[in-house]
Participant: 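This structure is in structure tokens; I'll ask about it shortly.
Below, read A as the first sequence line, B as the second, and so on, with proteins coming before strands; counting in each chain starts at 1.
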Number of protein chains: 2
Amino acid sequence: MTLTEENYLKALFHLSLENEEVSVLDLSKSLNIKMPTVNSMVKKLSSKELISYEKYKPLTLTQGGKRAAGLIIRKHRLVEMFLVEHLGFGWDEVHEIAEQIEHIKSQKFFDRIDQLLDFPKVDPHGSPIPDINGEVAVQNYNKLEECLVNQQATFMSVGSSQDSFLKLIDKLNLKLGDKIKVLEIQDFDKTMRVLVNNNSEQTLSQLVATNILVKLNV
Amino acid sequence: MTLTEENYLKALFHLSLENEEVSVLDLSKSLNIKMPTVNSMVKKLSSKELISYEKYKPLTLTQGGKRAAGLIIRKHRLVEMFLVEHLGFGWDEVHEIAEQIEHIKSQKFFDRIDQLLDFPKVDPHGSPIPDINGEVAVQNYNKLEECLVNQQATFMSVGSSQDSFLKLIDKLNLKLGDKIKVLEIQDFDKTMRVLVNNNSEQTLSQLVATNILVKLNV
DNA sequence: AATTTTTGTTAGACTATTCTAACATTATAG
DNA sequence: CTATAATGTTAGAATAGTCTAACAAAAATT
């Protein structure tokens, strides 16, 4: 499988998680590649039985396509973890590098990285690392946005890996595992005031709260 | 610079170290790419001022080409070192993986690897790691082949990174840094009997002895 | 020096991935 | 339920890197 094909599968995989149906246009936007190009690549991947494709119908991954995509994402997230844990990178810096290293052809290389990291289950952004068969554990976290006043929760994962978002979270001094208590929600714009680890108060816009994924503390 | 261009520069760099003059055919053989393809790529790299090219003349790297090649080799050797030191790979397994990772676009990634390794000067095969400007330190080691009986020497580097050669060296229980004393040389085929670290005797063919690079102990 | 061999070059074609332009279908909105 | 907008498809061209076939120059051999 080529690097390009891998990127198409990965993108479709991510889009399929986020949306009910994925169109050629969605894939085109996500990859930043024009529709006709995507169209022909989708046909090619369809002929390889990695994507199910019918004209004018939404795109889906086949069983094999899902597995292949899962395995690439596994590599990506293992590498991200390695970059943070062993090379001292910030969680906002690792995506681009992992994007390249994920395509290295060497099962053993990734196995050794996995071992070195002691078989981590999540990456630095709290996203699950697919297993050796490309299976991704389902995470059912809540968006902090949906919490009510007085709700207590634990910061488990981020909903966006955008550089600017991650940098903001850093600046707010928020880290995965932190305890968050909702103090107040503005009626007007849903801005939240929260208490972090029972000691620092922060104000979060709705957009930020949407991308903070938490486990509710009952 | 593309991955392909980088591979051409690297190959020319290595060939230039081994031979007085490097022809298009040499480069073609070394890359396993047909002559016409090499010819056109050489022209392209010449237009980028990385290779000096005149029709029917031997190929040379420009100053810039040498630097670029040196930097790629630096990345390659740092990665090899990392794979051996931190991921437990054997020295016969690392070339292929390093061949891929050397093309990763991230100065910082390699800087961090360098730091993690505590700024090594040689790779697992004893080859020098070029500095941050792509400069390669000249090693003037001798071939064990050229040593006379009773000569004592230290195993510093290998002249070949071929898998089968490295595996053989492993099997002979030879490691970089070992003390070697020449006990006997067969007149007929130049086969050598040597004493390693004053304790184990080994018999080495001329071809093997040629690829064992040593520092003479006076 | 003439011929043959080796090496180098040119021309033209192929594949993968991308694009733009034109056209087709489906969805949306009066 | 048509008209328009949005989405999808086809056709054809561009680029990078590769190839084969044919020709050209240089080197080696007789």
Participant: Is there a donor in the side chain of B:Trp91 and an acceptor in the side chain of B:Asp170, or the other way round, less than 3.5 Å apart?
Facilitator: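 B:Asp170 and B:Trp91 do have a side-chain donor-acceptor pair below 3.5 Å.
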Participant: Given atom CG of B:Asp26 and atom P of C:dT6, what is their separation to the nearest angstrom?
Facilitator: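 Rounded to whole Å, this separation is 15 Å.
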Participant: Is there a donor-acceptor contact under 3.5 Å from the side chain of B:Glu102 to the main chain of B:Arg74?
Facilitator: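 No, because the side chain of B:Glu102 does not come within donor-acceptor range (under 3.5 Å) of the backbone of B:Arg74.
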Participant: Quick one: is C:dT9 close enough that its OP1 or OP2 comes under 4.0 Å of any side-chain N or O from B:Asn39?
Facilitator: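 Looking at the OP1 and OP2 atoms of C:dT9, one of them is under 4.0 Å from a side-chain N or O of B:Asn39.
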Participant: Rounded to the nearest angstrom, tell me the gap between atom CD in B:Glu54 and atom P in C:dG8.
Facilitator: 14 Å
Participant: Select base, sugar-phosphate, or nothing to describe what A:Lys43 touches, counting heavy atoms under 4.0 Å on all strands.
Facilitator: sugar-phosphate
Participant: CD of A:Glu146: more than 12 outside heavy atoms within 6.0 angstrom?
Facilitator: yes
Participant: Centroid separation under 6.0 Å, is that true for the rings of B:Phe109 and A:Phe82?
Facilitator: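 Aromatic pair excluded; centres sit 6.0 Å or further apart.
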Participant: Whole Å only: how far is the CG atom of A:Leu25 from the P atom of D:dT7?
Facilitator: 5 Å
Participant: Quick one: A:Glu21 CD to D:dT7 P, roughly how many Å, whole number?
Facilitator: 13 Å
Participant: Are A:His95 and A:His125 near enough that their ring centres are under 6.0 Å apart?
Facilitator: no
Participant: Could you check whether any side-chain heavy atom of B:Ile132 comes within less than 4.5 Å of a side-chain heavy atom of B:Asp111, counting everything from C-beta outward?
Facilitator: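 Sidechains of B:Asp111 and B:Ile132: in contact.
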Participant: Sugar-phosphate atoms are those with a prime plus P, OP1 and OP2; base atoms are the rest. Using that split, label each nucleotide of nucleotides 14-27 of chain C B, S or - for protein heavy atoms under 4.0 Å, 5' to 3'.
Facilitator: --SSBBBB---SS-
Participant: Scan B:Lys29 against the nucleic acid and name what it touches under 4.0 Å (heavy atoms): base, sugar-phosphate only, or nothing.
Facilitator: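 If one applies the 4.0 Å heavy-atom cut-off, B:Lys29 turns out to touch nothing in the nucleic acid.
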